[in-house]
Chemist: 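Mind looking over this structure? Questions follow.
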Amino acid sequence: MKKLFVISMVGLLAAGLLGCSQGDRSVTLQFRYEPGLSSVYKQTNKRNLQITAGDSVIMDESSTFDMTIEQEVIEVNPDGSAVIIETDTWDYERPNKEDTTVIDTIQEVRKLEIVVEPDGRIVDLEFLTDTSPSMIKYLKNFYEQGMPIFPSDEVSPGYSWTQTTKVILPDGPMEASTTYKLTSFAREGGYDCAVIECDGELILPLEADMSEKTPRRGIDRISTSGVTYFAYKEGVVVQQRERWIIDGDRERFKDDEWQPYKMTAETDVNFRLTKLTKP
């Protein structure tokens, strides 16, 4: 889902055809869950990453990889919240352990169970595949801060709202906030959509997992901006484009001591609906 995965909005035909301006049109934003509803998305990620320690550049690379995201509604609870199974699959390349001149392609699969309300509020999130405790906390923070919660009232183009989340850090609590704005209605991918822009900052603590080969800890600050096309009749995201600028202050445990390093990254994410199956 964010990440990774969902903003809702309104679709509209040309104002001339409807005989009114976009500002005169208002809609209620919500996801329309029913058991058996399934959707498949393709997410393309383009990333420039640099890691430095002091004056030394440890890593400087650019990469592109695709992720397939499948979501299926298992059941809808009496309160309207839905239980969704999400399966994320992606490939990446790395040198072969025995022969570094050979590049291996590795496939990763991550499965989650998410309980979410029609307005997008996440009630519960559980990882069904093996994931480190530190990464679970990191991703839960990402979902909590990065997922919009839609207004309960009808909204028109020009309406905006801001979500604020309190984040507990070693030096004390901080607030992360993201502002969403319904800008217009448009036709996208064969659906009438609401167009929503977002602009905000996420604050993601990374706790050390001492069972890892090289434990890491620190804080990532992610500036986000983007636009989402939401099919309001069907209640699904059709397209989402985002840019993430990551500024990470981290440490790694090596040679029996914590060594500071800096991680910076710029990532362009394109999240697109490829298949929607209704029950």
Chemist: Using a 4.5 Å cut-off between side-chain heavy atoms of Ile, Leu, Val, Met, Phe, Trp and Tyr, which other residues end up in the same hydrophobic cluster as Leu169?
Modeler: Val167, Met174, Ile203, Ile219
Chemist: Check whether the ring centres of Phe185 and Tyr232 lie less than 6.0 Å apart, and answer yes or no.
Modeler: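 No.
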Chemist: Can you name the side-chain contact (heavy atoms from CB on, under 4.5 Å) partners of Arg252, sequence neighbours left out?
Modeler: Ile58, Thr214, Arg216, Lys254, Gln259, Tyr261
Chemist: Determine the sole option in Lys42, Gln239, Gln43 for which the side-chain hydrogen bond (donor to acceptor under 3.5 Å, both in side chains) test with Asn270 is passed.
Modeler: Gln239
Chemist: Quick one: do Gln240 and Tyr41 satisfy side-chain contact (heavy atoms from CB on, under 4.5 Å)? Show the steps, please.
Modeler: CA-CA 10 Å; Gln240 180 174 315; Tyr41 293 89; over 6 Å; no
Chemist: Would you please name every residue forming a side chain to side chain donor-acceptor pair (under 3.5 Å) with Glu72, sequence neighbours left out?
Modeler: none
Chemist: Would you call Leu49 and Ile246 a side-chain contact if the rule is heavy atoms closer than 4.5 Å?
Modeler: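 Contact flag for Leu49/Ile246 side chains = no.
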Chemist: Can you tell me which residue pairs pass the salt bridge (Lys or Arg N to Asp or Glu O under 4.0 Å) test with a partner in residues 258-271, sequence neighbours excluded?
Modeler: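 Pairs touching residues 258-271 that pass the test: Arg243-Glu266, Arg243-Asp268, Asp247-Lys262, Asp249-Lys262.
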Chemist: If a pair satisfies salt bridge (Lys or Arg N to Asp or Glu O under 4.0 Å) and one of its residues is in residues 194-213, list it, with sequence neighbours excluded.
Modeler: Lys137-Glu207
Chemist: With a 4.0 Å cut-off, would you call Arg110 and Glu86 a salt bridge?
Modeler: no
Chemist: Are there more than 12 heavy atoms of other residues, nucleotides or ligands under 6.0 Å from atom CG of Asp130?
Modeler: no
Chemist: Please give the remaining members of the hydrophobic cluster of Ile149, linking ILVMFWY side chains under 4.5 Å, ordered by chain and number.
Modeler: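 Other cluster members: none.
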